[in-house]
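First comes the structure, then the notes that go with it.
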Amino acid sequence: MPDLPDVRRRWQSIGRSWPIVAAASFGLVSAIVAWLAVSAWEERLAKAKFYNIAGDYAQTLQNGLDDYLRKLLAVRALYEASIDIDANEFAVFTDQILAGQTEKMRVIWCPYVTRAERAAFEREQIEAGLADYAIKSWRASGTPPLSPERDEYFPVLYSTFASKATATFGMDLNSEPVRSRAIQYARDNDVVATAQDVMLRNPIAGSRLGFIYIAPVYRVGVPLDTQEQRHDNIRGVLVASFQTKAVIDSILAKAALPQSVSIYVYRSDDGAHAMPIYWRAAVGADQPVAAKSLAELAGLNYWSGPVKAGNANWKLVVVPEQEGLISYYRAWLAFFAVLFVFSAVVAYMWASLRHALRLESANSRILTLAQTDLLTDLANRRAFMKRLTAAFNASARGAPPFAVLYLDIDDFKDVNDTLGHAMGDLLLKQVVERLKTLVGSGHFVARFGGDEFAILVCDVRDPHVVGELAARIRKSLGEPFTIDHHRLRITSSIGISVYSSDLSGPEDMLVQADLALYGAKDEGRNCYRFHSRDLDRKVHERVRVADELRAALEHRELELYYQPQVALATGRIMGLEALIRWNHKTRGLLTPAAFIPIAERTGAALAIGSWVFEEACRQLKLWHVEGIAPQVLAVNVSGVQLKGSAELEREVAGALTRFGIDPGRLELELTESVLMEATQRHKTTLENLRQLGTKIAIDDFGTGYSSLKYLTTYPVNRLKLAQEFVFRVTVDYRNAAVVRAAIRLAHELGLEVIAEGVETEAQMRFLIGAGCEHAQGYYFSRPVTAERTTELLREGVIRPEAGELRRTKTNVA
Ligand code: C2E
Ligand code: MG
Ligand code: MG
């Protein structure tokens, strides 16, 4: 699992790569912008290019159509120049003008013939060599019938069409409505009129659909100013006919224009839904272009412009073939160019950063390796020294002291020699596992090599704690190991040095721990030693006591003694204080001073405390049954117990209910110093206990911080005046004054007062004089066994003058 700095480093490295991310994003955005800009530019360019092409198409078409018109006008000029043109002249002249283009454009001469002139005209033509010439009605195909009698005829007389045998000759154009309308318009207005969508009689190629120009020819030398004059003086019409598809194709083919557009030609007068009169697909178009109306082209990006065919208005529509026209290749080029440049830059930056990161991670790996023991992954000596130096400097600056444990497995060499190094390694790994669990995360374990380990224990205000830890380690490593189906037992020796300000440096501590380790080995191994003999003795003693205490509870070596509390006025036993004793196997009967402080430091105080509640309540019950129970039984509560407040509440309530005891008969004694350290939470606990009905007394009042605050802050029932005060009341008048004041004060606050340690009659008399109601002390009785207490309770009254001191001697402690 990566440790915290490792994770942080990774985050930092990600943090450091933000310029790359920014550059990459910027690169992408720039590339897109470049692509858009070039696209827009290309599109504009393509559009301009397309408009040019479309314009060229329009121009080409217009020129072509005009050219044909000019040719027709040239023929008309011939007619205007002479009164009579015969077939031969017509043929020669048109041949010259059309210059071989007879396939595209046909020119026909249709003279004006009235009803009256018809017969003569027909005859004249037959005489001129046109056999069977007669005026016929116009038909698109087949044999045209003879024309019925009409007022006016415009029959075909000459034609550039080769075969004179064709039925075209003699056909009256005036008999066909479209042509007739165009003839009348041209005649009346002296313009070239265009008849559109006409069926051509002799198709040139493909469709017969075409258009014709009709140019009026007037009599020579007559005025033509009015419509009437023009109408009357008509001599005939010259007609040029075109097959639409063929002629436009040929016109457009003449100019070498790009073929990547589709071309449509519409009649301007037609609606948007009309089909074109001409269309041509773009070369390379995916699909053949079908005739499409303008409405169908809507939405496409096309160009349109007017074209005039004679007096007919056309609309030319040019549609670009998309792919062919706008390729955007420069846009893509720009996009990739920009992207490439940025990618290259980013790749370079990334590569250098990665290189730097790799270097850094390699460095840190090297650094870690340099400080790690490869077999166990623990810190090595070097790393330990670093920590030790830091801890030493911190303690030198005033931080709490710390300790160094130097541990060595006894006879590890034997394990290696008999079972092999591989087994030795496995054993060491398991030792490390146990050490880690025992030591916890707050401290620092290192392997110095071989079977030597060092532990830095922080915050060692009490060396005894380190002793305990060493004892636990020794014990735990003493448990059998199972390695590869082998059961192994080892022992360990530990040397301990604790920081003190007279040490010159961290190395000193290691030397001391090492010496202590030698001491431990000297003393037969499988033990721990402090570097200082004195400390060593004290710690060992205390650790031993703590161990013994735990056993004492199991072996029922603890006992409660009771000291009576007497009403000064009557000598009646109104209460008892339970005081613990330890019947030690070898040291005899021990008073609390010998073991309670140790119990409080080692945690045994909790177990002892609950035993005391249980035992006191049990005894009280017995006295109750016998009917001699005192009004109150006081039990001492240590600070450790108060700190486990919830537990305390539960225990008190539990013991009371188990034995069916009135809570008002139990009094909890707390010293001033314990109350001093109490917090809001403890205050609540005390209030809860008071709520339960138990009494609360302040023990040894006057010795500690004697603050009146406690009296008002905590739910207290009783003050116990400390022995020290009582002892001196008769010899020290200031003491006497303080005691008197304390008693008065307690009464003012509604508290009871009991004086402790009353040893003499004089003290008793003083207390009675000062208004104190209760007392406890050797003068009345020493603490005595439960058995002896029963006797006292049966008597009910204590008369010190009766020699109580003497009488209790055998049972006292
Ligand atoms: P304490 O609560 O102030 O108990 C009174 C101590 O004064 C007792 O000492 C008692 O034997 C002694 N004493 C009583 N009358 C006289 C007298 O006239 N002259 C003199 N010189 N001494 C007198 P002990 O029993 O050794 O207890 C010492 C302390 O140990 C107690 O002081 C109390 O704080 C603590 N202790 C006793 N039993 C327990 C217990 O069960 N739990 C806890 N946590 N502490 C206890
Ligand atoms: Mg007490
Ligand atoms: Mg006391």
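If you take NZ on Lys429 and CG on Leu426, they are separated by 6.5 Å, rounding to the nearest 0.5 Å. The structure places CG of Leu224 at 12.0 Å from CZ of Arg187, a figure rounded to the nearest 0.5 Å. Atoms CZ and OG1, from Arg382 and Thr372 in turn, are 10.5 Å apart once rounded to the nearest 0.5 Å.
Between the side chain of Thr437 and the backbone N or O of Glu433 there is at least one donor-acceptor pair closer than 3.5 Å. Judged purely by atom type and a 3.5 angstrom limit, Asp95 has no side-chain atom pairing as donor or acceptor with the backbone of Ala91. Looking at Gln184, its side chain never comes within 3.5 Å of a backbone N or O of Arg181 through a donor-acceptor pair. The closest donor-acceptor contact from the side chain of Gln62 to the backbone of Lys308 lies under 3.5 Å. In this structure, the side chain of Asn189 does not engage the main chain of Val191 through any donor-acceptor pair within 3.5 Å. In this structure, Thr94 contributes its side chain and Thr160 its backbone to no donor-acceptor pair below 3.5 Å. Between the side chain of Arg118 and the backbone N or O of Ile135 there is at least one donor-acceptor pair closer than 3.5 Å. In terms of modelled atom types and a separation under 3.5 Å, the side chain of Arg139 and the main chain of Pro145 share no donor-acceptor contact. Of the possible donor and acceptor atoms, one in the side chain of Ser268 sits under 3.5 Å from a partner among the backbone N and O of Asn313. No donor-acceptor pair closer than 3.5 Å links the side chain of Ser293 to the backbone N or O of Ala274.
In this structure, the side chains of Arg150 and Arg115 stay at 4.5 Å or more apart for every pair of heavy atoms. Counting heavy atoms from C-beta outward, Ser175 and Tyr153 have side chains that stay 4.5 Å or more apart. Contact annotation: the side chain of Val192 never approaches that of Asn311 to less than 4.5 Å [non-hydrogen atoms, C-beta and beyond]. Between Asp86 and Tyr158 there is a side-chain heavy-atom pair separated by less than 4.5 Å.
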Derivation and outcome, side-chain contact (heavy atoms from CB on, under 4.5 Å), residues Val307 and Lys315: CA-CA 6 Å; Val307 175; Lys315 183 186 260 182; over 6 Å; no
Please test Trp35 against Leu339 for side-chain contact (heavy atoms from CB on, under 4.5 Å), starting from the C-alpha separation and ending with a verdict. CA-CA 10 Å; Trp35 179 71; Leu339 204 63; over 6 Å; no
Please assess Asp172 against Ser147 for the test side chain to side chain donor-acceptor pair (under 3.5 Å), listing each intermediate value before the final yes or no. CA-CA 7 Å; Asp172 175 20; Ser147 173; 4.6 Å; no
Go through it in stages, so that I can follow the logic: the residues are Phe242 and Tyr213, the test is ring pair (Phe, Tyr, Trp, His ring centres under 6.0 Å), and I'd like the CA-CA distance, side-chain angles, deciding distance and then a yes or no. CA-CA 8 Å; Phe242 306 92; Tyr213 288 155; 5.1 Å; yes
Test side-chain contact (heavy atoms from CB on, under 4.5 Å) on Thr114 and Asp151 and set out the steps.
-> CA-CA 6 Å; Thr114 61; Asp151 289 341; over 6 Å; no
So Asp197 and Ile277, side-chain contact (heavy atoms from CB on, under 4.5 Å) or not? Walk me through it.
CA-CA 8 Å; Asp197 288 347; Ile277 54 169; 3.8 Å; yes
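A cation-pi arrangement is found for Arg179 relative to Trp138, the charged atom lying closer than 6.0 Å to the ring centre and inside a 45° cone about the ring normal. Relative to the six-membered ring of Tyr79, Arg235 misses at least one condition, a distance below 6.0 Å or an angle of at most 45° to the axis. Because its NZ or CZ atom is not both nearer than 6.0 Å to the ring centre of Phe50 and within 45° of the ring axis, Lys47 does not count as a cation-pi partner of that residue.
For the 3.5 Å distance criterion, the side chains of Arg76 and Tyr218 fail to qualify, holding no donor opposite an acceptor. A donor-acceptor contact under 3.5 angstrom links the side chains of Ser180 and Asn174, judged on distance only. In this structure, a donor-acceptor pair under 3.5 Å is absent between the side chains of Asn63 and Thr60. Side chains of Asn380 and Gln371: a donor-acceptor N/O pair is absent below 3.5 angstrom, by distance only.
Ring pair Phe169/Tyr133: centre-to-centre distance not below 6.0 Å. Between Trp314 and Tyr264, the gap from one ring centroid to the other reaches at least 6.0 Å.
A pairwise comparison of heavy atoms in Ile234 and Val217 identifies CD1-O, 3.6 Å as the closest pair. Residues Leu65 and Ala309 come closest through the heavy atom pair CD1-CB, 3.9 Å.
Between Arg230 and Asp225, no side-chain nitrogen of the basic residue sits less than 4.0 Å from a carboxylate oxygen of the acidic one, so the salt-bridge criterion is not met. Between Arg219 and Asp84 there is no salt bridge, since no side-chain nitrogen of the basic residue lies less than 4.0 Å from a carboxylate oxygen of the acidic one. One finds a salt bridge joining Asp67 and Lys71 here, because a Lys/Arg side-chain nitrogen approaches an Asp/Glu carboxylate oxygen to under 4.0 Å. Here Glu117 does not pair with Arg123 in a salt bridge; the nearest charged N to carboxylate O distance is not below 4.0 Å. In summary, Lys245 and Asp249 engage in a salt bridge, as defined by a charged side-chain N under 4.0 Å from a carboxylate O.
Ring-plane geometry between Tyr112 and Phe154 is classed as tilted, the angle between the planes lying from 30 to 60 degrees on a 0 to 90 degree scale.
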